[in-house]
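To keep things clear, I will list the structure first and then write my remarks on it.
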Amino acid sequence: METEKTTRKAYSPIKVYCLPSEREVIADNARAAGKSLSNFLLNVGQGYRVQGITDYERVRELARINGDLGRLGGLLKLWLTDDVRTAAFGAETIHRLLERIEATQAEMAEVMKSIVRPRAS
């Protein structure tokens, strides 16, 4: 194993012959992962699973949805504790709130599925 200060540029590259369309697909995948073409191929070639930056965007989306759930849950908690700010809430309002919580949970489940089982290209 080489030392940390050893650079790869001192060694010979591996050539990969591919069609322009194949190179474009590989370059797109590297960009989606936030990596250079060389770094992307090096990681894939060594058997690493490359995490795309879109995964991080999905995690941010989950955090936003989780915040929505927290706010909705807070409203429900206020109503259940007979807080004066929610005294005007009727049964219909609470039912709509619960429906909104369920819809938000379903949205979160869909985002989680898209992370765990990415769409086939």
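Remember, it's a predicted structure, so these values are computed and weren't measured experimentally. Note: hydrogens, waters and symmetry copies are ignored here, and every other heavy atom, side chains too, is used.
Cluster annotation: Val25 is not connected to Leu37 through the hydrophobic network of ILVMFWY side chains, with a link wherever side-chain heavy atoms come within less than 4.5 Å. Hydrophobic clustering, with ILVMFWY side chains joined whenever heavy atoms are under 4.5 angstrom apart, groups Leu72 together with Leu76. Residues Leu69 and Leu97 share a hydrophobic cluster, clusters being chains of Ile/Leu/Val/Met/Phe/Trp/Tyr side chains in contact below 4.5 Å. No chain of hydrophobic side-chain contacts below 4.5 Å, direct or via other Ile, Leu, Val, Met, Phe, Trp or Tyr residues, connects Val16 to Leu42.
The shortest side-chain heavy-atom distance between Thr93 and Trp79 does not fall under the 4.5 Å cut-off. A heavy-atom distance below 4.5 Å is not found between the side chains of Val111 and Met108.
Other residues, nucleotides and ligands contribute only 12 or fewer heavy atoms inside 6.0 Å of the CD atom of Glu92. When the shell of 6.0 Å around CD1 of Ile14 is examined, it contains 12 or fewer heavy atoms from other residues, nucleotides or ligands. Crowding of Glu22 atom CD: a count of heavy atoms from other residues, nucleotides or ligands under 6.0 Å exceeding 12.
Glu107 contributes no side-chain N or O that, together with a main-chain N or O of Ala103, makes up a donor-acceptor pair within less than 3.5 Å.
A pairwise comparison of heavy atoms in Ala30 and Ser36 identifies CB-O, 4.0 Å as the closest pair.
For the atom pair Gln105 CD and Asn66 CG, the distance stands at 10.5 Å (nearest 0.5 Å). Of the inter-residue distances, the one linking Arg85 atom CZ with Leu75 atom CG reads 9.5 Å to the nearest 0.5 angstrom. Taken to the nearest 0.5 Å, the CZ atom of Arg31 stands 11.5 Å off from the CD1 atom of Ile26. Note that CD1 of Ile65 is 13.5 Å distant from CZ of Arg60, once rounded to the nearest 0.5 Å. Here the straight-line distance linking atom CG of Leu41 with atom NZ of Lys35 works out to 12.0 Å at 0.5 Å rounding.
Remark: Glu102 engages no residue in a salt bridge (Lys or Arg N to Asp or Glu O under 4.0 Å) (not counting sequence neighbours). Not a single salt bridge (Lys or Arg N to Asp or Glu O under 4.0 Å) links Arg23 to another residue, sequence neighbours left out.
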